Every structure is written in structure tokens, then in C-alpha cells.
Amino acid sequence: MQTLIEAGKRLKGRSLLGISDLTKAEIDAIFDISKQLKELIISPADQRKILEGKTLAMIFEKPSLRTRVSFETGIFQLGGHGIFLGPSDISLGKRESISDIANNLGRMVDIIMARVFAHSSVVGLAENAGVPVINGLCDMEHPCQALADFQTIIEHKGKLEGLKLAFVGDGNNVAHSLMLLAAKVGTNFAIGCPKGYEPDANIVAQAKEFAKETGAVIEIFNDPAAAAKAADIVYTDVWASMGQESEAAAREKIFTPFQVNSALMANAKPDAIFMHCLPAHRGSEVTDEVIDSPQSVVFDEAENRLHAQKAVMVLLGR
Ligand code: CP
Ligand code: NVA
């Protein structure tokens, strides 16, 4: 418990741009606070005092349901206030430079959350804002999603170490954060993706480095069944991410063999859970049969965005 408290204290004032920013102890501290917030071990009245009077700026270059609602609700429940800044409000880097935006916001708000196209945009915000910046999704990572997802895995499986998470689909931002977090906490990670759609080589190298500490096995297959074999968790995401709309038709054809359907799920353990960050394209990367099955925990993942991100805001933003 003392280690968790110390690790939690170390997060104060820092940014969360990617999973590599966090140590294993800091990740455990986030899970611990998230559980306390979710189970109301910290009462709603006490929660409202934690970030009382603080403001969160929420920058969105892309659409969102879960990220916006969970951050805005989260800061409200912690006693603070969220300001939504959509693409037409500030035009990140177009109306004004990223460093000027960061310098302005840093004079007025206490935390910044940003959903952007380029990873360099969240780096630029963090370098200039003087307040913590939280990555709410970029082209390289979606760290808040991975934190909420691993909290969901703990709830359903009771542990993380030694489990096998199979990600079937594109080696994208969500796959990157899941792989890095798996490596950090000792969960084995296998991706099944078409040739040419593998995860970024630098991220894989980082994950393999983290895995040396925990013994996690990181595997890359071009065969979905090989990835899903004996998995405890089968995860998928859209085949064309936001910003890749022009590639959607071509990707639909390439990724068809990677659909998560009942036949693919049969390769996993009988008690495997199905996960998806949402939004889902039903009938493409996942069938209704799988996403609506008792194995599916997709709405638990969505709910845990709220709790995990509240924990992140508490630890970075106090
Ligand atoms: N999973 C996720 O980030 O959802 P939104 O794009 O709706 O925020
Ligand atoms: N990979 C998807 C995730 C959406 C939450 C995207 O970037 O659009």
C-alpha cells in the first residue's frame, strides 16, 4: 500500500502521453484509485472535493462519444469543470500554433486532455502548457483506453499476469497502447493482422524491452486463428481509424479474414472474454453474435473509461 501511495504521489503534475510514461507501480496506483472511485470507497461527497474549482480543457480534433462524456462527467464528479474545445473552436495548429495554444491554456486551466491526429501535437502541448496533458487518442496511442481495458480484465479475470490477450485487426493506436500495457504488467500479447498492417516497429521494440522485466510474451502473426489460440481475451477495433476514411473500402477487403466471429472465438479459451474499444462496425470487424454474446464486456470497458480517467485526473491534477 505504501508503494502505491508513493507511486501515486510521483504522478502529480506530470503528463500522460503514452503508456511508456508510466511505471508498473504507477499503473497499479491508477487501478487502485480507479477502483476506490468506482466502488465509492471514496464517497461522492469526498470525490467532489478532490479537484474542486479546477478546470479541464478538452481539445478534440476528431469525433468522440466515450472520451468526451467520460472526461466531462469525470471532472464534474471530482468537483471541477470541463470546457469542450472542438475542431471549429481552436483549429489546433491552424488558427494558432500548438505552443501558443498550450501557453494560453496553461495560464487558465489546470489540466488539458487532447484528442489529436499527430502524436507530436500532444507532445507540443505538454512541452509548453506547464500543466498536465492527457492523451485522449492520437495516431500512435490511446493510453486511457488501455488503462480502462486492463481494469476491466482485472474485474473479469481477477488478475493480469500470465493471461493471453489476442488483438485481431489493425496494428493501430489502440493495439499499441494495449501491447505496451500488457508488456508492463506481464500479460502475454499476440496480434493477428494482415501483412503490412503490423504495429509500429518502435512500439514493438519498446514493448519487448518492458516485457524483459515481466516475462510477458509479445507475438505478431498474420493469421487471426494463430493469434486467438488459447487466448483469455480476444480484442478487436475498427479496420479504418479516424483519419483513414479514404482507405476504408480497400481495408474492408484486406481485413475480411480477420473478422471476429464465432468461428474465430472458438480458437480462444472457452471462458475467453471479448473486448472492443468502440465504436464498433458490426458486421465488419465483429459480428453481432460475438459483440452481443455473454462473453462480451464492451460496455464494462466503456464505463471504466470514466473511472480510470478520474483516477488519472486525481493523480496528475491534484
Ligand atoms: N473508445 C473511444 O475512445 O470512444 P470515442 O471515440 O467515442 O471517444
Ligand atoms: N482506432 C480507432 C479507435 C477509436 C476509439 C481510431 O483511432 O479511430
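Everything quoted here is computed from the prediction, not taken from an experiment. Remember, it's 1-based here, ligands and their atoms both numbered in the order they're listed.
Applying side-chain contact (heavy atoms from CB on, under 4.5 Å) to Leu160 and the options Thr214, Asp28, Ile154, Leu165 leaves one that passes, Ile154.
With respect to Arg14 and Glu26, a salt bridge is recorded, a charged nitrogen being found less than 4.0 Å from a carboxylate O. Ion pairing between Glu61 and Arg115 fails under the 4.0 Å rule for side-chain N and carboxylate O. Note on Lys49 versus Asp46: salt bridge recorded, some NZ/NE/NH1/NH2 to OD/OE distance being below 4.0 Å.
Scanning the protein heavy atoms around atom 3 (C) of ligand 2, the nearest turns out to be Asp237 OD2, 3.6 Å. Shortest contact from atom 7 (O) of ligand 2 to any protein heavy atom: Asn173 ND2, 2.8 Å. Distance from atom 8 (O) of ligand 2 to its nearest protein heavy atom, with residue and atom name: Met242 N, 2.8 Å.
In this structure, Phe84 has its ring center under 6.0 Å from that of Phe60.
Taking distance alone, with nitrogen or oxygen atoms compared against 3.5 Å, Pro279 stays at or beyond that limit from ligand 1. Inclusion of Lys62 in the set of residues having an N or O under 3.5 Å from an N or O of ligand 2 is not warranted. In terms of polar-atom proximity, Leu65 is counted as a contact of ligand 1, with an N or O under 3.5 Å from an N or O of the ligand.
Proximity of Leu278 to ligand 1 is established by a heavy-atom distance of less than 4.0 Å. Ligand 1 lies out of reach of Arg68, whose nearest heavy atom is not under 4.0 Å from it. Under the 4.0 angstrom criterion for non-hydrogen atoms, Glu301 is not in contact with ligand 1. Taking a 4.0 Å cut-off on heavy atoms, Arg305 registers as neighbouring ligand 1.
Relative ring orientation between Tyr197 and Phe255 is described as perpendicular, the plane-to-plane angle rising above 60° on a 0-90° scale split at 30° and 60°.
Here the straight-line distance linking atom CD1 of Ile273 with atom CD of Glu155 works out to 10.0 Å at 0.5 Å rounding.
A distance-only check finds no donor-acceptor pair linking the side chain of Asn128 to the backbone of Asn103 [under 3.5 Å].
Checking Asn202 against Gln206 by side-chain atom types alone, no donor-acceptor pair falls below 3.5 Å.
Heavy-atom contacts of Leu278 reach the following atoms of ligand 2: 5 (C) (cutoff under 4.0 Å). Annotation for ligand 2: atoms under 4.0 Å from non-hydrogen atoms of Leu137 are 3 (C), 4 (C), 5 (C), 7 (O). Those atoms of ligand 1 with a heavy atom of His142 less than 4.0 angstrom away are 2 (C), 3 (O).
Taking each of Arg66, Lys62, Met242, Arg115 in turn, the one with a heavy atom nearest to atom 6 (O) of ligand 1 proves to be Arg115.
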